[in-house]
Amino acid sequence: MDNILEIFSYNRVFTVILVLIGSYAGIKIGSAVLKKMAERYSQKRIQINGLIPIYKLLIYLFALFFIVFGILEVSKESLTALGLSLGVALGFAFQDILGNIFGGFIIIFTKPFAVGDKIQIGSFYGEVTDISLRRILIVTPDDSVVNVPNKAILTENISNSNGGELNCQVVAEIYLPITTDLDKAKKIGIDAAYSSPYAYLKKPVAIRFKYHYDQAPVILMKVKAYVFDHRYEFVFASDIVVRVQEKMKEEKML
Amino acid sequence: MIFLTPFFQELEKIKYFLARNVLFWSSLIEHSKNSIVLFLAGLKTEILLFLLNFGKNTESFARSLVSDLNNVLHNHSEWIKIVIFTYLSIYIVISGLIKLKQWLLIRKRTSEKQLQKIDAEIEIKKTGWFSSDIFLNLFKSFKNRLAYFSVSFLNRINDKYEDSLLFSQTNQIFHFFIPAFHRTLKIYDFLVRFLEQFFISLKIIKLRIQENEILISRLKEEKTKIEIPELLLNEFNEEGEEERAALYAFPEYESINEKVATYWKNHGNASFLIIGRQGTGKTLLINAMLNKHFQSDIKQMRIVLNPSADKNEIYESLLFALTGKKTTEEALKVLTDDLPSSIIIIENLHYLFIRKDSGFQLILSFLALMEQVRKKHLWIITINEYSYRFLTQFIELGSPFEFQLKLSIFKTEDIEKLIVKKAESRGYTIHPNIDKAKIDFLKKKIKKNELKYADIPRYLISQFFGKLVSECENIFPSLYYYFLNSIVNIDQKRIYLEDTQFTDLSFLEKLKPSYFFILTAVLIHDHLSIEELQEILKMGKEELFISLVFLEEKNILKREAIHQKEFYFIDPVNINSVSKILVKKNFLYF
């Protein structure tokens with residue numbers, strides 16, 4: 001009891017609070033600076049954003065070690081004893097939190113995705129806006145912010161649309177009457193992708209047709225093209241659909 | 001001999017130092033397997049030594065900080081009052097809580113031991129930050145804790161590597177690192193202070209700029225401009241022999257022109273594509289080439305394409321000018337059978353396409369036509385560099401051409417020669433305007449023996465042109481514009497130049513993406529009407545109009561009427577800066 005009183009004196013508790021506040025402020029300021037830099041130098045956006053979780057981890061680790069060994073001065077023996085006695089109890093109580101923290105470490109070190117990437121995790125799809133030791137923040141196409149716990153990466157399938165690059169593939173789907181002249185439709189689809197201001201034309205444009213039955217038989221045309229910045233992914237898909245439809249109406253194909 | 005004693009003493013020290021080093025390194029090689037251990041142990045020792053001094057240094061630093069804080073107290077008394085009030089509130093609440101706890105325990109007739117614990121708690125409180133000299137204690141406490149943390153960390157390393165064989169030797173060698181370590185810390189400290197001051201200054205400057213923005217813009221407008229003689233203005237508004245000479249001075253240009261001419265002589269056909277940005281001298285290069293290599297009786301046809309809202313009209317007029325026919329089939333027949341072997345020059349091929357549905361068909365048709373008859377004529381075709389870069393992503397634009405030339409950036413010396421020659425042709429000489437700030441800067445350079453008095457004008461002029469070329473590259477209108485804008489005085493045919501004030505386009509970076517889409521579209525097409533932009537970007541006309549007016553007001557876009565239709569294009573003066581921003585923003589990725 002004496003030891004615990006000594007460890008948690010007002011002086012130390014106040015110091016710990018100060019260190020925590022300092023670390024929090026350091027994380028917020030550093031992350032904000034990095035984010036601003038990423039926006040300014042859009043070409044390197046993904047790479048700069050990727051530094052944010054590493055920076056956060058370093059600050060967290062420094063704060064943790066400084067608090068435990070520098071301020072609270074917990075001895076090796078105490079730590080072992082505390083670890084043994086509380087380990088089992090807390091392990092069960094905080095298994096979710098610990099799972100998230102380990103998930104966070106896996107994300108930082110194996111980099112299955114980074115801040116700025118477009119990912120599908122479970123049933124959620126969107127842009128990763130933040131990675132912390134506890135959770136991933138995803139902004140979905142309808143602008144909802146989804147808080148995905150880090151441990152989900154251990155259990156869910158993840159797909160990364162852009163793999164660290166700014167451009168990513170977009171598939172625009174257009175349903176056409178079964179009598180459509182497919183050669184003509186293909187030309188229109190390719191032309192629509194080339195014309196769109198959002199297109200990334202260093203990568204190829206591909207067209208795929210598929211027979212589809214939904215109350216009546218139709219042809220599903222898939223225009224696969226790349227967008228120069230995945231932020232315009234959905235605008236690009238819509239733009240292709242609009243352009244194809246306009247041209248087909250002009251050609252009296254619809 | 002007495003006067004030599006210090007010298008011998010120094011010599012002894014050096015000998016001793018060398019001997020120690022030799023000893024150390026020899027043992028290091030001998031025990032190379034322990035080198036990592038050695039390094040860690042040595043590092044630890046020196047850091048421990050440093051930490052002993054660290055306490056003293058940080059204490060003096062803390063004291064200086066306290067005096068700084070006293071100054072802050074005067075300047076920010078209200079904030080300080082709030083802090084003190086908060087601190088006192090916490091103090092009173094905690095003291096009250098402890099007293100309450102004590103009182104409750106007494107009431108419960110607790111044991112003496114429990115009361116002692118509470119007394120101990122009060123003691124800790126008293127020796128902690130809740131004592132008289134709060135700020136000093138705060139820093140002392142931080143310093144001690146940080147130092148203790150580092151020492152205990154190093155002690156753990158020590159415990160692990162205590163039995164290291166070379167422990168004593170490492171102590172010696174790491175003595176030499178101490179000064180370097182101290183110096184590094186001093187530099188670090190200086191940098192931190194410098195950065196702090198820098199950011200404060202930056203903030204003040206920013207605030208001042210915001211406050212005086214209108215005033216500054218007015219002052220800029222009111223700034224008396226030097227009246228440049230019309231003779232000189234005309235010289236820089238007209239492209240003449242100097243530019244041609246400059247273009248030919250570039251060995252790459254001359255070499256490819258010669259290759260084209262030789263190929264034409266040997267094979268009776270050739271096709272040559274010249275790629276360059278607006279204002280880089282594509283037409284001049286063709287003129288120079290024709291003058292030098294093709295002054296013969298061979299029929300020459302020169303067609304300059306102009307922007308038009310109807311691309312079919314441009315294509316038909318091109319065919320008509322070439323063959324007198326309006327359809328591709330008819331034109332092909334004339335070019336193959338009727339037209340004798342000729343030199344066909346087509347300028348601005350980029351006006352044949354537009355980035356919309358079926359907008360690439362005409363340029364493809366023309367390339368196909370050319371491909372079929374290229375073995376009969378000499379084709380010299382020019383295209384905008386941005387259009388070329390865009391189109392080559394998905395069209396084999398270069399395939400019908402045996403020769404291609406991308407107009408590159410000139411050397412600073414070439415541009416300097418060109419401008420000096422242009423000025424000299426009107427009897428003017430160029431001189432730097434040396435103000436007080438420059439004199440101070442130059443004095444420093446002279447002191448350091450980096451510059452001689454006689455070389456000052458030459459040095460300043462080369463600095464001026466260096467900056468000019470790095471900003472404007474090989475865009476002649478931009479080069480001339482900023483050159484003329486840098487003239488501060490003209491006295492008896494002597495032109496005085498000050499440092500060029502380039503247009504600040506940093507505001508562009510903060511604009512909405514729609515502006516970048518507009519600029520990219522205009523850059524790719526060279527000239528675009530509002531209707532064409534509307535079709536390309538699928539934007540509302542009103543929104544587009546507002547954006548275009550803004551960009552025009554800011555001198556990013558310019559407007560010109562061609563055949564009673566208005567077209568927007570990027571001001572050649574700013575084209576380089578605009579393209580750099582678009583690259584940075586990833587809109588111009590090709």
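Below, chain A is the first sequence line, B the second, and so on; all start at residue 1.
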Report yes or no: does B/Asn586 contribute a side-chain atom to a donor-acceptor pair with the main-chain N or O of A/Phe228 at less than 3.5 Å? yes
Where does [X] contact chain B at under 4.5 Å (heavy atoms): side chain, backbone, both or neither?
X        : value
A/Asp239 : side chain
A/Tyr200 : both
A/Leu166 : side chain
A/Arg231 : neither
A/Glu246 : side chain

With rounding to the nearest 0.5 angstrom, report the CZ to CG distance, A/Phe113 to A/Asn160. 8.0 Å
When you compare the side chain of A/Val205 with that of A/Tyr194, does any pair of heavy atoms fall below 4.5 Å? yes
State, with a plain yes or no, whether a side-chain heavy atom of A/Ile119 is found less than 4.5 Å away from one of A/Tyr125. no
What verdict does the ring-ring contact (aromatic ring centres under 6.0 Å, His included) test give for B/Tyr386 and B/His350, after you've listed the backbone C-alpha separation in whole Å, the side-chain angles of each residue and the deciding distance to 0.1 Å? CA-CA 9 Å; B/Tyr386 297 109; B/His350 47 267; over 10 Å; no
Checking heavy atoms, do the side chain of [X], its backbone, both or neither come under 4.5 Å from chain A?
X        : result
B/Tyr589 : both
B/Phe390 : side chain
B/Thr392 : neither

Presence of salt bridge, A/Lys56 and A/Asp130, under 4.0 angstrom: yes
